[in-house]
Amino acid sequence: MNSLPVLAILATGGTIAGVADAQAHAGYQAAALRIEDLLAAVPALQQLPARLQASQVLQKDSKDLDAEDWLGIAHAVRQALADPQTAGVVLTHGTDTLEETAWFLHRVLPPSDKPVLLVSSMRPATALSPDGPQNLLDACQAALSGLPGGGTAGPRLRGVLAVAAGALHTARSVQKMQPFHIPAFGSGEAGPLGWVENGMVRLAGATAGEVAAGDWPGGAYGALLMRPIPEALGVLPAVAWLSSHAHFDPRQVRALQAAGFDGVLVAATGNGTLHHALEAALMAAQRAGFSVALTSRCPQGRIVPAPSAAASPWPIVPLPAAKARLELLMQLWCARLQGCAPQ
Ligand code: ASP
């Protein structure tokens, strides 16, 4: 019997599996190659202290992912983590909505002492100098880092993380910052959780304890995975995302209500301010049972509430807009499922 631990590699498509006619970095076809092709391009993976078990969960450009895909990915990751032989999970993914899938997984996966590494690339596999192969190797090495009894060098990681261009980011802070160049991801003010350097994980000081100590406690919306996918999808709310801006037209809010949306995440200006016409439309919508939550449209920081409790009639979600919208969606979704008690 082979005593090496299993490293589950789950593939979902993205540019890392992309191909182009020429060696271009734009105008290529994402999600074209299968996971076997991606693994074959990195011979060093065969030297890792693990048995690689690859499966193709999806084959999509991540800009096109839907709630059904998130649930399918989460079920596959949960199943892989539950196998006692599995040391960690590597999930190949497109960069465009990687932060949303990372946040979804962070909020729905059960407690675990194993890491889930999302890995992507900015250049298709056919580029003159693709970044996918190195990112894939880094992700696999990070997933096996510090494994008792013979992992790769460095501390043991836990929770949902992303690795790109040598840097590690948490699900909470990872954000795509760049549409074309490398590095494309950042962790904003938090800075990266750490790095993968020549196969070795190095954590960046103070943030290390969050993932490196103790088991990862699991997400608050785990009940979304306790129901069969069609049942969960059957109560999926509709949540939009608007931004406040100069010259705001409030008909946008009324159109969402008329179309049957359940709520909206609003990326407010600055420290949570709204165009007066948007504010009035949101007030009226909220009185009619429409859910509203706010984040700031500023790329860094979070809304700091005023000392007076009456300052904001809407909950503030301290996440970038894409993840804040997803958080509001999961909150409303969970409320429709019996036994789903978010913390
Ligand atoms: N549109 C692609 C996707 O997100 C871009 C990428 O993978 O970087 O799948």
Side-chain angles (χ1 to χ4, degrees), residues 9-42 54-74 76-77 89-106 116-140 142 160-169 171 173-188 192 196 241 299 319-323 325-326 329:
I9 320 260
L10 307 180
T12 71
T15 299
I16 193 166
V19 293
D21 291 342
Q23 286 171 332
H25 295 173
Y28 54 86
Q29 189 200 337
L33 299 176
R34 296 196 52 86
I35 186 61
E36 294 75 22
D37 303 317
L38 305 192
L39 297 178
V42 191
S55 57
Q56 192 79 42
V57 178
L58 276 183
Q59 186 64 304
K60 274 194 162 184
D61 189 318
S62 77
K63 72 180 175 61
D64 294 325
L65 292 194
D66 285 313
E68 184 174 5
D69 301 317
W70 290 331
L71 287 170
I73 292 170
V77 173
V89 174
V90 169
L91 184 74
T92 68
H93 200 286
T95 56
D96 285 341
T97 65
L98 182 141
E99 63 209 64
E100 282 148 276
T101 299
W103 188 249
F104 188 80
L105 292 175
H106 177 77
V116 178
L117 272 298
L118 278 80
V119 63
S120 59
S121 78
M122 287 301 285
R123 298 174 182 164
T126 48
L128 188 57
S129 168
D131 51 328
Q134 183 66 53
N135 286 347
L136 186 56
L137 181 60
D138 288 348
C140 292
V160 181
L161 307 169
V163 63
L168 284 161
H169 306 277
S173 23
V174 67
Q175 245 190 299
K176 188 170 181 182
M177 306 283 197
Q178 234 297 337
F180 188 79
H181 294 295
I182 297 169
F185 287 100
S187 276
V196 186
W241 165 6
L319 289 168
K323 283 187 257 192
R325 188 205 75 91
L326 178 54
L329 176 91

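All heavy atoms count here, side chains included; hydrogens, waters and symmetry mates do not. Counting from 1, the numbers follow the sequence of the chain as shown. Atoms within each ligand, like the ligands themselves, are counted from 1 in listed order. Being a predicted model, the structure only gives us computed values, none of them experimental.
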Which residue and atom name correspond to the protein heavy atom nearest [atom], and how close is it?
atom: atom 6 (C) of ligand 1; value: Thr15 OG1, 2.6 Å
atom: atom 2 (C) of ligand 1; value: Asp61 OD1, 3.2 Å
atom: atom 8 (O) of ligand 1; value: Thr95 OG1, 2.3 Å

State, without any angle test, whether His93 and Thr12 hold a side-chain donor-acceptor pair at a distance under 3.5 Å.
-> no
**Prompt:** How about Thr15 and Tyr28: does a side-chain donor come under 3.5 Å of a side-chain acceptor?
**Reply:** yes
In ligand 1, the atoms that come under 4.0 Å of a heavy atom of Ser62 are 3 (C), 4 (O), 9 (O)
Within 4.0 Å of some non-hydrogen atom of Ser121, the atoms of ligand 1 are 8 (O)
I'd like to check [X] versus [Y] (side-chain heavy atoms, cut-off strictly below 4.5 Å). Are they in contact?
X: Leu91; Y: Leu117; result: no
X: Phe104; Y: Ile73; result: no
X: Pro192; Y: Phe185; result: no

- Message: Tell me whether ligand 1 is touched by Ala184 - counting only heavy atoms on the residue side and a distance under 4.0 Å.
- Response: no
query = Any nitrogen or oxygen of Lys176, main chain or side chain, under 3.5 Å from a nitrogen or oxygen of ligand 1?
reply = no
Between Tyr28 and ligand 1, does any nitrogen or oxygen pair lie at a separation below 3.5 Å? no
Tested for side chain to side chain contact (heavy atoms under 4.5 Å, CB included) against Val119, the lone hit among Leu38, Leu137, Asn135, Leu98 is Asn135
